[in-house]
Amino acid sequence: MDGNGRWAKQRHLPRAMGHQRGVDAVRTLVRAARQMGLEVLTLYAFSTENWRRSEDEVSTLMGLLKRYIQADLDEFVANNVRLKIIGEYRALASDIVELLDHALERTAQNDGTTLVVALNYGSQDEIARAAAKAAAKGPITPETIDAELDTAGLPPLDLLIRTSGEVRLSNFLLWQAAYAEMIFTDVLWPDFTPDHLRAALEEFSTRERRYGGR
Ligand code: FPP
């Protein structure tokens with residue numbers, strides 16, 4: 001969800017306003033994903049590297065996350081949305097951990113769209129943790145690592161979209177992206193609408209996926 005800061009800068013607004021509009025985009029996209037019948041939507045909300053931002057910005061992001069979950073949890077429950085978190089979210093502030101645990105519990109039985117939020121997430125960290133767990137149990141193979149990733153149990157990643165013109169993965173779902181299709185768009189995250197998602201899915205449907213075969 002890249003480009004909140006630039007969206008705000010272009011308008012001579014504080015970065016926090018960009019993040020606020022980023023959350024508005026999240027809310028709209030999650031609703032659209034549900035209506036489109038997407039099985040899983042994963043959002044990269046806070047990386048292990050994002051701690052390097054100012055204390056002020058980190059606290060803005062945490063506040064926005066908290067308010068979003070508080071405000072939309074009943075809607076998730078009512079609309080059969082299951083929440084899942086990837087990353088070491090238990091290292092976040094205790095009030096956020098409690099809120100997330102409560103939201104996870106309340107939506108655990110839902111089987112409509114799964115909304116996966118990556119929080120305090122870094123893909124290399126996730127792979128290292130999974131490899132250590134796999135090694136403690138037996139041989140390390142792609143399958144045994146896969147089973148220990150934070151994404152275990154989710155379907156394979158089909159499509160990865162990065163907004164705001166950056167063309168790199170930035171430590172996001174590196175393992176899971178092995179055969180994912182990728183779409184890079186110049187649209188800044190706060191401007192990303194359900195129509196952009198629909199266009200990306202349209203493009204995805206034209207890609208020929210060979211998984212290394214011919
Ligand atoms: C990238 O924009 C965005 C983030 C680092 C944070 C995204 C988080 C939220 C929108 C808030 C909470 C999340 C949810 C799921 C409600 P940037 O600041 O890197 O923008 P820039 O590259 O233009 O500076």
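Counting from 1, the numbers follow the sequence of the chain as shown. Keep in mind it's a predicted model, so treat the numbers as computed, not measured. Read the numbers this way: they start at 1 and go in the same order the structure lists the ligands and their atoms.
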Practice problem: Considering the heavy atoms of Gly5, write down every atom of ligand 1 situated less than 4.0 Å from one of them. | Solution: 17 (P), 18 (O), 20 (O), 21 (P), 23 (O), 24 (O)

Quiz item: Would you say Val26 and ligand 1 have an N/O pair spaced under 3.5 Å apart?
Solution: no

Quiz item: Ala71 and Arg27: which non-hydrogen atoms are nearest, and at how many Å?
Solution: CB-NH2, 3.9 Å

Quiz item: Taking both backbone and side-chain atoms of Glu166, is any N or O found less than 3.5 Å from an N or O belonging to ligand 1?
Solution: no

Self-check item: Check: Ser164/Arg6 side-chain N/O donor and acceptor closer than 3.5 Å
Solution: yes

Quiz item: What atoms in ligand 1 come closer than 4.0 Å to a heavy atom of Arg15?
Solution: 17 (P), 18 (O), 24 (O)

Quiz item: Of all the non-hydrogen atoms in the protein, which one sits nearest to atom 9 (C) of ligand 1, and at what distance?
Solution: Leu61 CD2, 4.0 Å

Practice problem: Cation-pi check, Arg53 to Trp51: give yes when NZ or CZ is under 6.0 Å from the six-membered ring centre and within 45° of the ring axis, no otherwise. | Solution: no

Quiz item: Between the side chains of Tyr89 and Asp101, does any donor sit under 3.5 Å from an acceptor?
Solution: yes

Quiz item: Can we say Asp74 and Arg106 salt-bridge, meaning some charged N sits less than 4.0 Å from an Asp/Glu carboxylate O?
Solution: yes

Quiz item: For atom 14 (C) of ligand 1, what is the nearest protein heavy atom, given as residue, atom name and distance?
Solution: Leu65 CD1, 4.1 Å

Quiz prompt | Heavy atom of the protein closest to atom 6 (C) of ligand 1 (residue, atom name, distance) | solution = Ala45 O, 3.5 Å

Quiz item: Can you name the residues that form a salt bridge (Lys or Arg N to Asp or Glu O under 4.0 Å) with Glu203, not counting sequence neighbours?
Solution: Arg207

Quiz item: Below 3.5 angstrom, do we get any N/O pair linking Tyr68 and ligand 1?
Solution: no

Quiz prompt | atom 11 (C) of ligand 1: the protein heavy-atom neighbour that sits closest, reported with distance to 0.1 Å | solution = Val23 CG2, 3.8 Å

Quiz item: Within the structure, does Trp7 bring an N/O atom to less than 3.5 angstrom of an N/O atom in ligand 1?
Solution: no

Quiz item: Which residue and non-hydrogen atom of the protein lie closest to atom 22 (O) of ligand 1, and at what distance in Å?
Solution: Arg6 NH2, 2.9 Å

Quiz item: How about Arg82 and Thr114: does a side-chain donor come under 3.5 Å of a side-chain acceptor?
Solution: yes

Quiz item: Who's closest to atom 17 (P) of ligand 1 heavy-atom-wise, of Met1, Arg53, Lys66?
Solution: Arg53

Exercise. Around atom 10 (C) of ligand 1, find the nearest protein heavy atom and jot down its residue, atom name and distance.
Key: Asn4 ND2, 3.6 Å

Quiz item: Considering distance alone, does some N or O of Asn50 sit under 3.5 Å from an N or O of ligand 1?
Solution: no

Quiz item: Heavy atom of Lys9 under 4.0 Å from ligand 1?
Solution: no

Quiz prompt | Chi angles and distances behind the side-chain contact (heavy atoms from CB on, under 4.5 Å) call for Asp2, Trp189 | solution = CA-CA 5 Å; Asp2 228 341; Trp189 175 255; 5.8 Å; no

Quiz item: So, Tyr44 versus Tyr121, ring centres under 6.0 angstrom or not?
Solution: yes

Quiz prompt | Heavy atom of Ser164, distance to ligand 1 below 4.0 Å | solution = no

Quiz prompt | Between Thr60 and Arg15: side-chain donor-acceptor atoms closer than 3.5 Å | solution = no

